[in-house]
Protein chains: 2
Amino acid sequence: MKNESIVAAKKVVHLKAITDTCQLCHAKDLCMSSCLKPDDMERFKHIIGHRAPMDRGQRLYMAGEHINSIYVLHSGSVKSYLESEDGESQITGFYLPGDVIGIHGLKNATHSDTVEALETSSVCALRFSKIEDISTAFPPLQNQIMRFVFSEMDHDQEMMMVLGKMSADRRMAYFLLDMAKRLKNQGLSNSRINLTMTRHDIANYLGLAVETVSRILTRMQKSEIIDVERRSITILDHAKLKNTYSCVEDDIVNSHFQ
Amino acid sequence: MKNESIVAAKKVVHLKAITDTCQLCHAKDLCMSSCLKPDDMERFKHIIGHRAPMDRGQRLYMAGEHINSIYVLHSGSVKSYLESEDGESQITGFYLPGDVIGIHGLKNATHSDTVEALETSSVCALRFSKIEDISTAFPPLQNQIMRFVFSEMDHDQEMMMVLGKMSADRRMAYFLLDMAKRLKNQGLSNSRINLTMTRHDIANYLGLAVETVSRILTRMQKSEIIDVERRSITILDHAKLKNTYSCVEDDIVNSHFQ
DNA sequence: CGATGTATTGAACTCGATCAAACAGTGTGG
DNA sequence: CCACACTGTTTGATCGAGTTCAATACATCG
């Protein structure tokens with residue numbers, strides 16, 4: 001979140017044919033383009049374009065900028081965050097390939113969050129002049145985008161519960177289980193989590209201090225719930241982790257079922 | 001949030017003509033129907049319907065129910081909340097006339113939150129079998145709904161900042177300023193806030209304990225920022241309240257500008 | 001009038017923050 | 001290759017904002 005970090009160049013890299021691009025894309029099954037048939041693709045060439053890949057720390061867009069595209073993350077991972085007047089920032093989400101980015105702030109056609117790459121990442125842009133253009137252009141695409149808008153709403157609401165009601169341990173358990181679930185959707189293991197964000201990022205996202213995150217991770221390791229090795233976390237005991245998340249006291253569980 | 005409270009009867013009260021209904025509605029300027037011309041109304045008679053008014057504590061819908069309508073609050077006020085497995089609940093929003101309700105959970109066509117009346121309230125329902133029906137039916141209406149979906153996303157994201165980063169005092173200031181702003185939009189005073197929710201509700205919404213809310217209100221009253229009289233709160237000093245919200249130390253402000 | 005739901009106030013406690021310091025990778029340049 | 005700087009992580013000690021517990025006050029309503 002350094003101020004010096006460079007905003008990614010807005011150069012659009014047109015690949016030889018958008019049809020090929022989407023067909024060859026390794027995120028195509030996750031992407032909203034999966035709803036498009038090859039002949040539909042032809043119609044949408046002009047609104048779809050790949051951006052030059054971003055390095056870690058580079059920004060895709062910043063809060064306050066006019067929205068002229070929404071994006072699908074093609075590879076890598078990014079974080080989005082809000083900044084308040086007094087300079088505090090709140091990470092609002094971490095995104096993985098296939099996720100749709102840039103849908104917050106559409107009400108005023110102005111990005112309300114800033115998106116920054118956590119590692120080398122690339123996106124596919126969906127350009128438009130008015131958001132209604134996408135609506136009217138092609139219903140299946142519109143619906144697919146809406147699915148992502150709706151799941152983003154579900155996530156944001158879920159975060160209210162996490163930030164408003166849960167203890168530090170529960171928040172951490174939530175984070176790990178959520179990441180595991182999403183990585184599984186990516187076709188990866190649901191036990192091995194390779195984090196691309198710092199402890200600081202995790203802490204900020206969960207409304208905790210870095211030290212608390214660190215302490216909870218070591219505590220969970222000692223309880224043999226997870227194995228921590230720098231940025232690589234392995235879930236050893238899914239059940240225990242879920243119990244931590246569900247806030248069910250182990251003692252109570254045991255006394256009931258044994 | 002008592003379990004005994006009765007779910008509002010799903011009886012639809014058809015008023016003599018929907019055209020009249022919307023024309024006479026005192027929330028029409030706030031409502032999304034404002035985008036419809038009188039002759040459009042005719043086309044939408046069949047999907048728009050008024051529900052019988054709800055008493056305080058009655059629920060409009062509950063989490064888990066299939067979504068077959070979204071609603072515009074016609075009169076009164078309601079709260080929405082999530083419930084976790086272990087019975088904890090988190091209030092996610094308070095809604096005023098003109099607000100669109102029931103758009104969370106559309107991804108799975110299942111309400112993710114529960115909506116409960118804070119006072120005698122009535123809604124106008126927009127029925128549909130598939131959410132896409134609204135999309136395709138009439139673009140202006142679709143766009144109007146999307147505006148509300150987008151502003152809901154902005155709110156939810158804002159709440160992450162409030163719950164994740166702000167002190168109890170800032171949260172309270174945020175709540176009061178937000179309510180004042182929204183009541184002003186209703187054509188009411190932006191200084192006199194007549195709350196329809198309990199301190200318990202406010203505390204739950206802001207991720208605080210009831211006692212904390214109570215203490216902060218009395219403290220703010222002693223500082224002559226607000227005047228508290230049961231559920232009626234008057235903002236006496238907007239500037240001071242905004243300073244509390246922006247987390248700008250009074251001392252610093254004074255030393256800079258005096 | 002008592003009963004019930006709601007709000008305030010005080011006292012004690014606790015979870016997680018803050019402060020402080022050490023430690024571990026990673027990269028840079030001599 | 002090592003010395004140095006730099007960033008990110010861990011661990012310990014202390015502190016405090018806000019919770020929890022407990023008691024009281026206050027309104028409204030049968």
Side-chain angles (χ1 to χ4, degrees), chain A residues 1-5 55-57 79 88 90-91 116 118-119 162-175 194-222 226-233 244 247 249, chain B residues 1-5 55-57 79 88 90-91 116 118-120 162-175 193-222 226-233 244 247 249:
Chain A
M1 257 164 279
K2 293 179 297 182
N3 278 326
E4 315 87 59
S5 73
D55 290 333
R56 174 177 165 76
K79 66 179 173 188
E88 259 181 327
Q90 169 70 44
I91 295 180
E116 188 178 315
L118 293 167
E119 61 187 315
V162 171
L163 296 171
K165 293 285 169 295
M166 295 189 187
S167 68
D169 297 75
R170 286 187 75 182
R171 294 184 201 195
M172 200 63 224
Y174 162 79
F175 173 75
N194 257 307
L195 298 174
T196 54
M197 69 291 284
T198 66
R199 301 277 193 274
H200 218 102
D201 286 336
I202 300 172
N204 182 299
Y205 178 58
L206 297 176
L208 302 170
V210 208
E211 295 92 328
T212 307
V213 167
S214 184
R215 270 184 255 271
I216 291 174
L217 287 177
T218 31
R219 207 186 306 152
M220 282 183 170
Q221 185 166 33
K222 275 175 190 155
I226 58 171
D227 184 62
V228 183
E229 203 187 329
R230 284 190 59 68
R231 298 271 179 98
S232 169
I233 295 180
T244 310
C247 193
E249 301 295 323
Chain B
M1 257 163 282
K2 293 180 297 182
N3 279 324
E4 316 86 60
S5 73
D55 290 333
R56 173 178 165 77
K79 66 179 173 187
E88 259 180 328
Q90 168 71 44
I91 295 180
E116 188 178 314
L118 292 168
E119 61 186 317
T120 305
V162 171
L163 296 171
K165 294 283 168 296
M166 294 189 187
S167 68
D169 298 75
R170 286 187 74 181
R171 293 184 203 197
M172 201 62 223
Y174 162 78
F175 173 75
I193 303 172
N194 257 307
L195 299 174
T196 54
M197 68 292 285
T198 65
R199 300 279 193 272
H200 217 102
D201 286 337
I202 300 171
N204 181 300
Y205 178 59
L206 297 176
L208 301 170
V210 210
E211 294 91 331
T212 308
V213 168
S214 185
R215 271 184 256 271
I216 291 174
L217 286 177
T218 31
R219 207 186 306 151
M220 282 181 169
Q221 186 166 31
K222 275 175 191 157
I226 58 170
D227 185 62
V228 183
E229 204 187 329
R230 282 191 63 67
R231 298 273 179 97
S232 169
I233 295 180
T244 310
C247 195
E249 301 295 323

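In the text below, chain A, chain B and the rest are named by the order of the sequence lines, each starting its count at 1.
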Whole-Å gap separating [atom2] ([N]) and [atom1] ([X]):
{"X": "Leu195(A)", "N": "dG8(D)", "atom1": "CG", "atom2": "P", "answer": "14 Å"}
{"X": "Arg199(A)", "N": "dC23(C)", "atom1": "CZ", "atom2": "P", "answer": "19 Å"}
{"X": "Leu217(B)", "N": "dT9(C)", "atom1": "CG", "atom2": "C1'", "answer": "14 Å"}
{"X": "Glu88(A)", "N": "dA17(C)", "atom1": "CD", "atom2": "C1'", "answer": "13 Å"}
{"X": "Met172(A)", "N": "dT9(D)", "atom1": "CE", "atom2": "C1'", "answer": "13 Å"}
{"X": "Leu163(A)", "N": "dG16(C)", "atom1": "CG", "atom2": "C1'", "answer": "15 Å"}
{"X": "Gln221(B)", "N": "dT9(C)", "atom1": "CD", "atom2": "C1'", "answer": "14 Å"}
{"X": "Arg56(A)", "N": "dC6(D)", "atom1": "CZ", "atom2": "C1'", "answer": "14 Å"}

Fill in: Under 4.0 Å protein heavy-atom contact, by nucleotide of nucleotides 17-30 of chain D - B base, S sugar-phosphate only
-SBBBB----S---
Item to complete: Calculate, to the nearest 0.5 Å, the distance between atoms OG1 and CZ belonging to Thr244(A) and Arg219(A) respectively.
Response: 10.5 Å
Using side-chain contact (heavy atoms from CB on, under 4.5 Å) as the criterion, list what pairs up with [X], not counting sequence neighbours.
{"X": "Arg230(A)", "value": "none"}
{"X": "Thr196(B)", "value": "Ser77(B), Leu118(B), Glu119(B)"}
{"X": "Ala209(A)", "value": "Glu211(A), Thr212(A)"}
{"X": "Ser167(A)", "value": "Asp169(A), Arg170(A)"}

Response to the item:
Those residues at least two apart in sequence (or on a different chain) that pass side-chain hydrogen bond (donor to acceptor under 3.5 Å, both in side chains) with Asp227(A) are Gln221(A)
Worksheet entry | Proximal nucleotide (of dG8(D), dT10(D), dA7(C)) relative to the Val228(A) side chain | dT10(D)
Worksheet entry | Closest to the Ser214(B) side chain, choosing from dT9(D), dA7(C), dT10(D) | dA7(C)
Worksheet item: Does Arg231(A) make a side-chain N or O approach to OP1 or OP2 of dG8(D) shorter than 4.0 Å?
Response: no
Worksheet item: Would a 4.5 Å heavy-atom cut-off, applied to side chains only, mark Leu217(A) and Ile226(A) as touching?
Response: yes
Discussion item. So Arg170(A), base contact, sugar-phosphate only, or nothing? Heavy-atom distance under 4.0 Å.
Written reply: nothing
